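Just below is one structure, and these are the notes that go with it.
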Amino acid sequence: MKLSIPGRASTALFVAAAMLLTGGAITGAAPAPVAAAAAPDLPVANVKAHLAQLQSIATANGGNRAHGRTGYKASLDYVKAKLDAAGFTTTVQQFTSSSRTGYNLIADWPGGNTHQVVMSGSHLDSVTAGPGINDNGSGSAAVLETALAVARTNYQPTKHLRFAWWGAEELGMVGSRYYVNSLSTASRATISGYLNFDMIGSPNPGYFVYDDDPAIEKTFKTYFTGLGIATEPETEGDGRSDHAPFKNAGIPVGGLFSGADYIKTAAQAAKWGGTSGKAFDACYHSACDTSSNINDTALDRNADALAYAVWSLSS
């Protein structure tokens, strides 16, 4: 599901860039504007392959990928190996919570203006009750596949791209808060936007867009409008996921969500399909949040929207 980005190759943008490079004066005939690369259509099979790996990791490690457990560290090692092989600069950040060691994984794509960072992230931990494949293998897998698409296409954006996988979100956004608190004031100011993806493959899905930063919100809504899908503001998880520490630090935030344990209304079922009177994810925080607890269409659409936003906001 690839969409064209409105205005990305506009002459106005080209002229503005040329003026920056020449100190405000343009002499001679301007060359033809060059179109920015369009966001790729992420193969949902690739995203699901990552989910299958996370499920296997949970199965081999007591049925979960929770903070401080072997399943979490194995999940982080899997993601890190993929990113290292693709050419990212990865950093593992260690912290302690509930007397257990936790880890964040940060991956930077070389290049781009490091004073303007577009950052995308998701929490990698599950609850102890289950493998956490929708919550939040879905977001983690889609962020990973977007990062790998950056490498496959050798995308060279104007802004710097950073991706993150957070630990101990289920204990209260511990990992992401630790990361934000570790940044200097100057470093925080370089992050032009943080995009969060926490549960994007719910089996009875809705299409919710964070109503925080207007520019980020508009980017996601533009994508879904192109698919003919009406979205709703995300309210169920507001302040309950890893965007909260960034927002509290004054960093613009946005993101996507397909629903957790709230009940889908008749109006929502008429708009999006699925079953009214049933939770968006009846396996939320439960042992049944396995690889079978995923709606492929929602996962595909949200993953492509993620890539669209990364390309659009960084070019």
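Everything quoted here is computed from the prediction, not taken from an experiment.
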4.5 Å side-chain heavy-atom contact, [X] and [Y]:
{"X": "Glu169", "Y": "Ser176", "answer": "no"}
{"X": "Asn302", "Y": "Phe224", "answer": "yes"}
{"X": "Ser314", "Y": "Tyr155", "answer": "yes"}
{"X": "Tyr308", "Y": "Thr222", "answer": "yes"}
{"X": "Ser291", "Y": "Leu51", "answer": "no"}
{"X": "Tyr72", "Y": "Leu76", "answer": "yes"}
{"X": "Lys80", "Y": "Asp84", "answer": "yes"}
{"X": "Trp272", "Y": "Glu232", "answer": "yes"}

Taking all heavy atoms of [X] and all of [Y], pick out the closest pair and write down the distance.
{"X": "Ala86", "Y": "Ala151", "value": "O-CB, 3.5 Å"}
{"X": "Asp198", "Y": "Phe257", "value": "O-CD1, 3.1 Å"}
{"X": "Ser75", "Y": "Gly71", "value": "OG-O, 2.8 Å"}
{"X": "Ala149", "Y": "Pro40", "value": "CB-CG, 3.9 Å"}
{"X": "Asn204", "Y": "Ala279", "value": "ND2-O, 3.3 Å"}
{"X": "Gly193", "Y": "Ile216", "value": "CA-CD1, 4.2 Å"}

- Query: For Ser120, which of Asn196, Thr146, Leu195 qualifies under side-chain contact (heavy atoms from CB on, under 4.5 Å)?
  - Reply: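 Passing option: Leu195.
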- Query: So, do Phe95 and Trp166 have ring centers that fall under 6.0 Å from each other?
  - Reply: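 No, they do not, as the ring centres are separated by 6.0 Å or more.
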- Do Phe208 and Phe280 have ring centroids that are under 6.0 Å from one another?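 Yes, they do, as the ring centres are separated by less than 6.0 Å.
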- Message: Let's go through Val79 and Phe163 carefully: what are the C-alpha distance in whole Å and the side-chain angles of both, what is the deciding distance for side-chain contact (heavy atoms from CB on, under 4.5 Å) to 0.1 Å, and is it a yes or a no?
- Response: CA-CA 11 Å; Val79 175; Phe163 300 89; over 6 Å; no
Does [X] use its side chain to pair, donor to acceptor, with the backbone of [Y] at less than 3.5 Å?
{"X": "His160", "Y": "Pro110", "result": "no"}
{"X": "Asp213", "Y": "Val253", "result": "no"}
{"X": "Lys264", "Y": "Pro205", "result": "yes"}
{"X": "Arg65", "Y": "Leu124", "result": "yes"}
{"X": "Arg188", "Y": "Gly250", "result": "no"}
{"X": "Asp300", "Y": "Asp296", "result": "no"}
{"X": "Ser192", "Y": "Val117", "result": "yes"}

Would you compute the distance between atom [atom1] of [X] and atom [atom2] of [Y] and round it to the nearest 0.5 angstrom?
{"X": "His115", "Y": "Ile191", "atom1": "NE2", "atom2": "CD1", "answer": "13.5 Å"}
{"X": "Thr231", "Y": "Phe220", "atom1": "OG1", "atom2": "CZ", "answer": "11.0 Å"}
{"X": "Lys73", "Y": "Ile57", "atom1": "NZ", "atom2": "CD1", "answer": "11.0 Å"}
{"X": "Met173", "Y": "Ser241", "atom1": "CE", "atom2": "OG", "answer": "7.0 Å"}
{"X": "Arg177", "Y": "Ser182", "atom1": "CZ", "atom2": "OG", "answer": "12.5 Å"}
{"X": "Leu313", "Y": "Met119", "atom1": "CG", "atom2": "CE", "answer": "15.0 Å"}

Same cluster or not: are [X] and [Y] linked, directly or through other Ile, Leu, Val, Met, Phe, Trp or Tyr residues, by side-chain heavy atoms under 4.5 angstrom apart?
{"X": "Ile251", "Y": "Val310", "answer": "no"}
{"X": "Tyr262", "Y": "Tyr207", "answer": "yes"}
{"X": "Val92", "Y": "Tyr179", "answer": "no"}
{"X": "Leu54", "Y": "Tyr284", "answer": "yes"}
{"X": "Val209", "Y": "Tyr223", "answer": "yes"}

- Side-chain donor-acceptor pair present, Asn64, Ser126, cut-off under 3.5 Å: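 No donor-acceptor contact under 3.5 Å links the two side chains.
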- Message: Is it true that Asn104 and Tyr178 share a donor-acceptor pair across their side chains at a distance under 3.5 Å?
- Response: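 The criterion, which ignores hydrogens and geometry beyond distance, is not satisfied for Asn104 and Tyr178.
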- Task: Among residues two or more places apart or on two chains, list those pairs meeting disulfide bond (SG atoms under 2.5 Å apart) that have a residue in residues 253-315.
- Result: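 Non-adjacent pairs meeting disulfide bond (SG atoms under 2.5 Å apart): Cys283-Cys288.
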- Qualifying disulfide bond (SG atoms under 2.5 Å apart) pairs with a residue from residues 109-191, counting only residues at least two apart or across chains: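 Residue pairs passing disulfide bond (SG atoms under 2.5 Å apart), neighbours aside: none found.
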Got a list of side-chain donor-acceptor pairs under 3.5 Å for residues 129-145, not counting sequence neighbours?
{"from": "Asn134", "atom 1": "OD1", "to": "Ser138", "atom 2": "OG", "distance (Å)": "3.2"}
{"from": "Asn134", "atom 1": "OD1", "to": "Gly201", "atom 2": "N", "distance (Å)": "3.1"}
{"from": "Asn134", "atom 1": "OD1", "to": "Ser202", "atom 2": "N", "distance (Å)": "3.3"}
{"from": "Asn134", "atom 1": "ND2", "to": "Ser202", "atom 2": "OG", "distance (Å)": "3.1"}
{"from": "Asn134", "atom 1": "ND2", "to": "Asp281", "atom 2": "OD2", "distance (Å)": "3.0"}
{"from": "Asp135", "atom 1": "OD1", "to": "His123", "atom 2": "NE2", "distance (Å)": "3.0"}
{"from": "Asp135", "atom 1": "OD2", "to": "His285", "atom 2": "NE2", "distance (Å)": "3.1"}
{"from": "Asn136", "atom 1": "OD1", "to": "Gly139", "atom 2": "N", "distance (Å)": "3.1"}
{"from": "Asn136", "atom 1": "OD1", "to": "Met199", "atom 2": "N", "distance (Å)": "2.8"}
{"from": "Asn136", "atom 1": "ND2", "to": "His123", "atom 2": "O", "distance (Å)": "3.1"}
{"from": "Asn136", "atom 1": "ND2", "to": "Phe197", "atom 2": "O", "distance (Å)": "2.9"}
{"from": "Ser138", "atom 1": "OG", "to": "Asn134", "atom 2": "O", "distance (Å)": "2.6"}
{"from": "Ser138", "atom 1": "OG", "to": "Ile200", "atom 2": "N", "distance (Å)": "3.0"}
{"from": "Ser140", "atom 1": "OG", "to": "Ser122", "atom 2": "OG", "distance (Å)": "3.3"}
{"from": "Ser140", "atom 1": "OG", "to": "His123", "atom 2": "O", "distance (Å)": "3.0"}
{"from": "Ser140", "atom 1": "OG", "to": "Asn136", "atom 2": "O", "distance (Å)": "3.1"}
{"from": "Glu145", "atom 1": "OE1", "to": "His50", "atom 2": "NE2", "distance (Å)": "2.8"}
{"from": "Glu145", "atom 1": "OE2", "to": "Asn46", "atom 2": "ND2", "distance (Å)": "3.0"}
{"from": "Glu145", "atom 1": "OE2", "to": "Arg152", "atom 2": "NH1", "distance (Å)": "2.9"}
{"from": "Glu145", "atom 1": "OE2", "to": "Arg152", "atom 2": "NH2", "distance (Å)": "2.8"}

- When you look at NZ of Lys82, are more than 12 heavy atoms from neighbouring residues, nucleotides or ligands closer to it than 6.0 Å?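 Not more than 12 within 6.0 Å, no.
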- Item | Neighbour count above 12 (heavy atom, 6.0 Å) for Lys221 NZ |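 Incorrect, the count does not exceed 12.
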- Task: May I ask you to decide if the ring planes of Phe88 and Trp109 are parallel, tilted or perpendicular, using 30° and 60° as cut-offs?
- Result: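 Answer is tilted, since the angle falls between 30° and 60°.
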- How are the rings of Phe246 and Tyr194 set to each other: parallel, tilted or perpendicular (split at 30° and 60°)?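 Taking Tyr194 first and then Phe246, their aromatic rings lie parallel (interplane angle under 30°).
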- Apply side-chain contact (heavy atoms from CB on, under 4.5 Å) to the pair Gln94 and Thr101, showing each step before the final yes or no. CA-CA 7 Å; Gln94 184 172 315; Thr101 301; 3.5 Å; yes
- Output, in order, the C-alpha distance, side-chain angles, deciding distance and verdict of side-chain contact (heavy atoms from CB on, under 4.5 Å) for His67 and Arg100. CA-CA 7 Å; His67 164 72; Arg100 293 178 179 265; 3.6 Å; yes
- Begin from the C-alpha positions of Thr114 and Thr190 and carry the test side-chain contact (heavy atoms from CB on, under 4.5 Å) through to its verdict. CA-CA 7 Å; Thr114 54; Thr190 66; over 6 Å; no
